[in-house]
Protein chains: 2
Amino acid sequence: MKQYNCEIEAALEVIGGKWKAILLYHLTKGPKRTSELKRLVPGITQKMLTQQLRELEKDSVILRKVHSQIPPKVEYSLTEYGRTLEPVLNSLCHWGKRHIQYVYADEEVMVVNKEVEKTT
Amino acid sequence: MKQYNCEIEAALEVIGGKWKAILLYHLTKGPKRTSELKRLVPGITQKMLTQQLRELEKDSVILRKVHSQIPPKVEYSLTEYGRTLEPVLNSLCHWGKRHIQYVYADEEVMVVNKEVEKTT
DNA sequence: TATTCCGGTTACTTTTTGGTTACTACAGTA
DNA sequence: TACTGTAGTAACCAAAAAGTAACCGGAATA
């Protein structure tokens with residue numbers, strides 16, 4: 001019998017990984033190729049990227065679509081179930097924005113907005 | 001110059017620790033003594049509890065109040081700023097609840113509700 | 001022929017995280 | 001006198017997480 005001490009534990013099992021919330025957040029803006037995600041999340045290594053995406057896939061919140069091409073093309077997107085996470089991700093993002101202002105009011109802080117060139 | 005690639009990163013710096021969201025969530029229900037938190041989060045060790053609480057304190061989201069008594073009594077509570085996290089914590093909790101139903105629909109799953117006896 | 005493209009895997013190393021145990025302070029109580 | 005209860009610290013060690021670097025395929029291109 002599985003047992004939680006609070007519901008948040010269950011949520012963290014899915015989005016608690018080091019990069020998961022960030023990856024999911026980017027995917028709320030639309031499907032992304034592996035290379036796009038790497039660019040959007042510069043700190044992540046290929047290994048961690050694949051690993052985290054695999055786990056999210058197992059948890060049914062994202063879909064991995066392989067296009068049979070050479071060179072390969074793989075696209076990740078939120079599943080319908082994954083889209084139920086949007087309120088969580090948005091409130092995280094909203095609070096993050098507020099927090100940056102709260103903490104770094106006088107310092108120079110940047111949130112980098114990477115232009116996303118669509119490749120087909 | 002500090003730099004984030006998305007706002008969520010900033011939020012995760014504060015609540016991304018292994019136990020932080022859970023601890024904060026319990027504190028949304030009111031101030032708690034160290035021993036109460038230990039009971040509410042059975043998996044945590046004294047060391048991790050102290051460590052995570054110290055970090056939350058540094059980030060100004062919780063307050064540590066020491067009552068000069070023997071034996072010691074320490075109470076933790078959300079600061080006013082910490083209370084701005086409530087929407088985040090609530091949406092996490094809400095999604096967690098939904099996720100438990102989604103995944104464990106047929107299995108036996110429990111969310112343990114510890115009775116909190118107030119000690120003064 | 002050699003190199004690039006993309007997404008990924010693997011083996012190995014380093015770093016980070018977390019667990020365990022022992023120890024502290026001090027008043028009250030048995 | 002010895003022991004309890006509370007909250008915490010410190011030293012030490014084990015385990016888990018994450019970084020690094022090399023390697024793969026197979027078509028297209030230089």
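None of these values were measured; they are calculated from a predicted model. Chain A is the first sequence line, chain B the second, and so forth, proteins listed ahead of strands; every chain is numbered from 1.
Remark on the helix from C:dT1-D:dA30 to C:dA30-D:dT1: inter-end axis angle 30°, axes from five-pair C1' superpositions, rounded to 10°.
In terms of phosphate contacts, B:R33 brings a side-chain nitrogen or oxygen within less than 4.0 Å of OP1 or OP2 of D:dA7. For B:T34 and D:dG8, the shortest distance from a side-chain N or O to OP1 or OP2 is below 4.0 Å. Between D:dG8 and B:R64, a contact under 4.0 Å exists linking OP1 or OP2 to a side-chain N or O. Contact check, A:T45 against D:dA18: no side-chain N or O comes under 4.0 Å of OP1 or OP2.
When rounded to the nearest whole Å, the span between CD of A:Q46 and P of D:dG19 equals 13 Å. For the pair B:K47 NZ and D:dT9 P, the interatomic distance rounds to 12 Å; values are reported in whole Å. At whole-Å resolution of the value, NZ in B:K73 and C1' in D:dG8 are 17 Å apart. Put simply, CD on B:Q51 is 13 Å from P on D:dA10, counting in whole angstrom units. The nearest whole Å value for the distance from the CD1 atom in B:I70 to the P atom in D:dT4 is 18 Å. Here the P atom of nucleotide D:dA7 and the NE2 atom of B:H67 are 10 Å apart, to the nearest Å.
The CG atom of B:N90 lies 10.5 Å from the CG atom of B:L85; values are rounded to the nearest 0.5 Å. To the nearest 0.5 Å, the span separating CG on A:L12 from CH2 on B:W95 amounts to 10.0 Å. With rounding to the nearest 0.5 angstrom, the CD1 atom of B:I44 is 14.5 Å from the CZ atom of B:R39. From B:Q51, atom CD reaches atom OG1 of B:T45 across 8.5 Å, with rounding to the nearest 0.5 Å.
For the residue pair B:L40 and A:N5, the shortest heavy atom distance occurs at O-CB, 3.9 Å. Residue A:R33 comes nearest to A:P72 through the heavy atom pair NH2-O, 3.5 Å, listed as atom of the first residue, atom of the second, then distance. The minimum heavy-atom distance between B:S91 and A:P87, with the atom names listed, is OG-O, 4.3 Å.
Panel note: side chain A:T28, backbone A:E86; no donor-acceptor pair is recorded below 3.5 Å.
Each of A:Q52, A:Q46, A:K47 was compared with A:T50 under the side-chain hydrogen bond (donor to acceptor under 3.5 Å, both in side chains) criterion, and only A:Q46 meets it.
Comparing A:L49 and B:K18, the nucleotide of DNA chain C nearest to each residue sits closer to the 5' end for A:L49. Each of A:G43 and A:P71 was assigned the nucleotide of DNA chain D with the nearest heavy atom; the assignment lying further toward the 5' end belongs to A:G43.
Nucleotides of DNA chain C that come within less than 4.0 Å of any heavy atom of chain B span, from the 5' end to the 3' end, C:dG18 to C:dA27.
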